[in-house]
Amino acid sequence: MSFSEIYLDIMTKNFPDGRYNDYADKFEILYNELVDFNEKVNLTAVTDMAGACAKHFADSLLIEEYIPEGATLCDVGCGGGFPTLPLAIVRPDLRITALDSTEKKLKFVSLMADKLNLNVTTLSARAEEIGQNEEYREKFDCVCARAVARLNILSELCIPLVRVGGKFISCKAAIGKEELCEAADGIEKLGAAVTVTKEPDLITAEGAQARAVFVFDKETPTPKAYPRHYSRISKKPL
Ligand code: SAM
């Protein structure tokens, strides 16, 4: 089967209204470049077409509907560009800052942003450091993260970057409500509250896999003490 046949099959199984069907050409370029670059720098273990279409492309798009039109978005721990690159392909209205502490992964994100003419800027830094930098603190309409840390740690990395009135959107493999309960006190201290909890199934070639999407609204400013140094965040999560 060709890339576009596999892409359409996976996308229509995950999004039956066909909303992403027109983007096969751009995702094919992304797929080919990802496989190529992955030979030099390890970005992912998933390199077969069906795996990439489901576990990278469709998975990244599970949060797309929660991001408002024209938003500034910071993707914390974007790695090789997920969810940044799929979101930027289908949502040219977004202004995305792709943040990661590992510079060599960001090279791939910059390469793809240039090649596909995407509205993406890369930033090589630690989230907890820019969270204390006035240039970035409470400046983004939305902050998202996929597969970066447990929610009680992730929330301290991400929520300080969200402006009051904005959103933090987390996408993970199924963790159930347990991680959310564990993180609840910290999220409140950081000035946010959960507004959406969804557990969609991601349809892959091997069958359905559970996912957890949580959306938090930033209601009040984050106290200046947060984010703390990473060693404090990880040793003593809020
Ligand atoms: N989000 C991508 C994905 O879903 O494919 C990458 C996930 S990878 C497992 C986690 C990434 O988070 C790594 O690239 C790592 O460098 C980055 N990371 C972890 N902690 C970070 C922090 N405090 N600030 C910035 N990036 C961080």
Side-chain angles (χ1 to χ4, degrees), residues 27 30-31 33-35 37-38 40-48 51-64 67 73-89 96-113 120-133 135-137 140 142-162 168-175 179 183 186 190 200 202 204 209 211-214 222 226-238:
F27 279 99
L30 172 58
Y31 171 73
E33 295 287 339
L34 179 68
V35 171
F37 199 92
N38 207 47
K40 294 170 261 159
V41 176
N42 184 23
L43 298 175
T44 177
V46 180
T47 54
D48 64 294
C53 285
K55 294 173 192 164
H56 290 318
F57 306 160
D59 192 39
S60 291
L61 294 172
L62 290 175
I63 63 169
E64 190 266 313
I67 308 171
L73 172 71
C74 180
D75 179 8
V76 167
C78 67
F82 300 103
T84 285
L85 295 170
L87 289 172
I89 288 173
I96 305 181
T97 301
L99 170 77
D100 205 284
S101 51
T102 308
E103 178 113 43
K104 62 186 177 182
K105 295 185 183 179
L106 290 177
K107 286 215 170 92
F108 179 68
V109 182
S110 296
L111 177 87
M112 291 317 303
V120 173
T121 309
T122 57
L123 179 59
S124 172
R126 293 199 62 87
E128 65 278 16
E129 289 173 7
I130 67 158
Q132 287 293 3
N133 176 333
E135 196 181 335
Y136 301 103
R137 184 181 172 85
F140 293 95
C142 286
V143 173
C144 67
R146 183 185 89 144
V148 174
R150 266 185 94 82
L151 195 58
N152 58 358
I153 292 174
L154 189 64
S155 52
E156 191 169 341
L157 300 180
C158 294
I159 292 171
L161 295 167
V162 183
F168 162 44
I169 306 170
S170 148
C171 180
K172 291 167 155 286
I175 46 162
E179 250 188 69
L190 294 162
L202 178 74
T204 75
Q209 296 185 358
R211 291 289 183 270
V213 173
F214 300 134
T222 298
Y226 310 118
R228 298 165 293 164
H229 191 276
Y230 192 77
S231 60
R232 293 277 297 152
I233 298 176
S234 58
K235 267 191 216 127
K236 217 169 176 293
L238 288 173

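Below, each value reflects all heavy atoms present in this structure, side chains not excepted, and no hydrogens, waters or symmetry copies. Whatever order the structure lists them in is the order used to number ligands and atoms, beginning at 1.
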Are Glu156 and Arg228 close enough, and set up right, to give a salt bridge (Lys or Arg N to Asp or Glu O under 4.0 Å), and what steps lead you there?
CA-CA 8 Å; Glu156 191 169 341; Arg228 298 165 293 164; 2.7 Å; yes
Please report the closest heavy-atom contact between Val148 and Ala145, naming both atoms and the distance.
CG2-CB, 4.2 Å
Going by atom types alone, do Arg126 and His229 pair a side-chain donor with an acceptor below 3.5 Å?
no
Counting neighbours of CZ on Arg232 that are heavy atoms of other residues, nucleotides or ligands and sit closer than 6.0 Å, is the number greater than 12?
no
Listed partners of Arg137 passing salt bridge (Lys or Arg N to Asp or Glu O under 4.0 Å), at least two apart:
none
Validation row: Leu34, Phe82 side chains within 4.5 angstrom (heavy atoms)
yes
Amino acids in close contact with ligand 1, where any non-hydrogen atom sits under 4.0 angstrom away
Gly77, Cys78, Gly79, Phe82, Asp100, Ser101, Thr102, Lys105, Ala125, Arg126, Ala127, Glu128, Arg146, Ala147, Val148, Leu157
